[in-house]
Amino acid sequence: MKTDLIYEQQGNNVVIFNVFPFDLEQTLDCGQSFRWCRVSDNTWQGVAHGRIMKIAYNEGSLTLFNTNTDEFNKIWRGYFDLDRDYAQIIETIKSDRVLTKAVEYAGGIRVLRQDPWETLCSFIISQNNNIKRIKGIIQRLCMHFGEQIGEGFYTFPAPEHLAKLTAGDLSPIKCGFRAKYILDAAQKVAEGRVDIYNLHKLPITKARERLMAIYGVGPKVADCTLLFGCGFIEAFPQDVWIKRAMKVLFDGSLPDVAKPYAGIVQQYIFHYARITKLEI
DNA sequence: AGCCAGGGTCTGC
DNA sequence: GCAGACCATGGC
């Protein structure tokens, strides 16, 4: 059973105690989010939900800088998925031998609960692309069309803003053929044809259908949005690595114990597959 | 230099 | 339904 979070205000910071397992690099630099940078050994900085955040982790203590308990409870607690008992999930899936192995590669990862629009747009940009360039495109998108909230920090542009642009307007961000996809997504979200902030209230199959009605959104981008942006922990995005891993390691389908947490397990398998290249 | 990147669409069987 | 060409761009 999960015990309540223990946290307190310390000056301008909020500190959360006894957070296990947790790893900032695994969580913030694993390809689920594209706007965080390491600023020192255990400290990372980024923009999420329209705010600049700096965060550090040391031996079970998580420090969120320049915030308060109100904002922590409203935003960051959910963003970092701190109320989910990862230790218990890991314990459960360890009844499977292959999953036990997979957890060893990124057991400190948290599935972030990001802004759904930012998630959708980011994973549209991710298609047939590499993580370095995805980050560059998103940074340029924010610099050109977001709102400046600090020196070098910009919000993610609102769909209503992007909906007014043309593909030509997007050329400075160099997103290539994805421009038309971004615009269609922005328009459908801005008009409310895709009610992205209420998708989490729908059954997952309905939510996926809505997302896939957007030009350029297929099953992979939809599932990443559902998992990283809408809180559907059972979503299971399948990229080339996961597909390969499913064949090689699991004979096609996930063990039943893992299914309630498929999205989290997907992250473990993803890292396992990429690090080992499945040449075992 | 050439292959590939956390895919999706469109076309042609 | 399913395979294959094509899509912009740049990292490695």
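In what follows, chains carry the letters A, B, and so on, assigned in the order in which the sequence lines appear, proteins first and then strands, with residues in each chain numbered from 1. In this text, all values refer to a predicted model and were calculated from it rather than measured experimentally.
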Q) Do Asn58(A) and Ser61(A) get their side chains close enough for a donor-acceptor pair, meaning under 3.5 Å? A)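 Judged by distance alone, the side chains do not pair up.
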
Q.
Regarding Glu71(A) and Thr67(A), do their side chains bring together a donor and an acceptor under 3.5 Å, going by distance alone?
A.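 Side chains of Glu71(A) and Thr67(A): pair found under 3.5 Å.
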
Could you check how far [atom1] of [X] sits from [atom2] of [N], rounded to whole Å?
{"X": "Ile124(A)", "N": "dG8(B)", "atom1": "CD1", "atom2": "P", "answer": "10 Å"}
{"X": "Ile242(A)", "N": "dG7(B)", "atom1": "CD1", "atom2": "C1'", "answer": "15 Å"}
{"X": "Asp184(A)", "N": "dG8(B)", "atom1": "CG", "atom2": "P", "answer": "14 Å"}
{"X": "Trp241(A)", "N": "dC4(B)", "atom1": "CH2", "atom2": "P", "answer": "12 Å"}
{"X": "Ile182(A)", "N": "dG8(B)", "atom1": "CD1", "atom2": "P", "answer": "14 Å"}

**Q.** Trp76(A) and Phe80(A) aromatic ring geometry - parallel, tilted or perpendicular at 30°/60° bounds
**A.**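 Ring orientation of Phe80(A) relative to Trp76(A): tilted.
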
Q: Kindly state which residues belonging to residues 165-178 of chain A come within less than 4.0 angstrom of DNA chain B, counting heavy atoms of the residue only, listed by number.
A: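 Listed by number, they are Phe177(A).
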
Q: Using the aromatic ring of Phe270(A) (for Trp, its six-membered ring), decide whether it stacks on the base of dG6(B) within the limits of 5.5 Å and 30°.
A: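 It does: the ring sits over the base of dG6(B).
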
Q: Tell me which residues in residues 125-135 of chain A put a heavy atom below 4.0 Å from DNA chain C, sorted by number, or none.
A: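 Per residue number, the list reads Asn128(A), Asn130(A), Lys132(A), Arg133(A).
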
Q: Sorted by first residue and then second, give each salt bridge (Lys or Arg N to Asp or Glu O under 4.0 Å) pair with at least one member in residues 141-157 of chain A; sequence neighbours left out.
A: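 Counting only pairs at least two positions apart or across chains, no salt bridge (Lys or Arg N to Asp or Glu O under 4.0 Å) contact touches residues 141-157 of chain A.
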
Q | With sequence neighbours excluded, residues passing ring pair (Phe, Tyr, Trp, His ring centres under 6.0 Å) with Tyr261(A) | A |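 Counting only residues at least two positions away or on another chain, Tyr261(A) forms no ring pair (Phe, Tyr, Trp, His ring centres under 6.0 Å).
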
(Q) Checking Phe123(A) now: which residues fulfil ring pair (Phe, Tyr, Trp, His ring centres under 6.0 Å) with it, not counting sequence neighbours? (A)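 Only Phe34(A), Phe228(A) meet the ring pair (Phe, Tyr, Trp, His ring centres under 6.0 Å) criterion with Phe123(A).
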
Q: Determine, using ring centers only, whether Phe72(A) and Tyr7(A) are less than 6.0 Å apart.
A: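 Between Phe72(A) and Tyr7(A), which both carry aromatic rings, the centre distance is below 6.0 Å.
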
Q) Going by the ring-ring contact (aromatic ring centres under 6.0 Å, His included) test, which pairs reach into residues 42-61 of chain A, not counting sequence neighbours? A)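 For residues 42-61 of chain A: Phe22(A)-Tyr57(A), His49(A)-Tyr79(A).
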
**Q.** ILVMFWY cluster membership beyond Tyr154(A) - transitive side-chain contacts under 4.5 angstrom
**A.**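 Members other than Tyr154(A) - counting any ILVMFWY side chain reachable under 4.5 Å - are Met143(A).
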
Q | Side-chain hydrophobic cluster, 4.5 Å single linkage: members besides Phe153(A) | A |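 Joined to Phe153(A), directly or through intermediates: Val47(A), Ile52(A), Ile149(A).
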
Q: Can you run down the side chain to side chain donor-acceptor pair (under 3.5 Å) pairs that involve residues 204-222 of chain A, sequence neighbours left out, and say none if there aren't any?
A: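 Listed by first then second residue: Arg208(A)-Asp223(A).
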
Q) So which pairs with a foot in residues 224-247 of chain A pass side chain to side chain donor-acceptor pair (under 3.5 Å), sequence neighbours left out? A)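 Output for this query is empty, none listed.
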
Which atom pairs link the protein and nucleotides 9-13 of chain B when you take only N or O atoms and keep those under 3.5 Å?
| residue | atom | partner | partner atom | Å |
| --- | --- | --- | --- | --- |
| dT9(B) | OP1 | Gly216(A) | N | 3.1 |

Q: Take atom P in dA8(C) and the same atom in dC10(B), then report the distance between them in whole Å.
A: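 It comes out at 13 Å once rounded to the nearest Å.
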
(Q) I'd like the P distance from dG6(B) over to dC2(C), given in whole Å. (A)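 So the two P atoms sit 26 Å from each other.
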
(Q) I need the minimum non-hydrogen distance between Asp96(A) and Pro255(A), along with the two atoms involved. (A)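 Here Asp96(A) and Pro255(A) meet closest at OD1-CG, 3.5 Å.
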
**Q.** Start and end of chain A contact along DNA chain C [non-hydrogen atoms, under 4.0 Å]
**A.**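 Counting from the 5' end, contacts occupy dC7(C) to dC12(C).
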
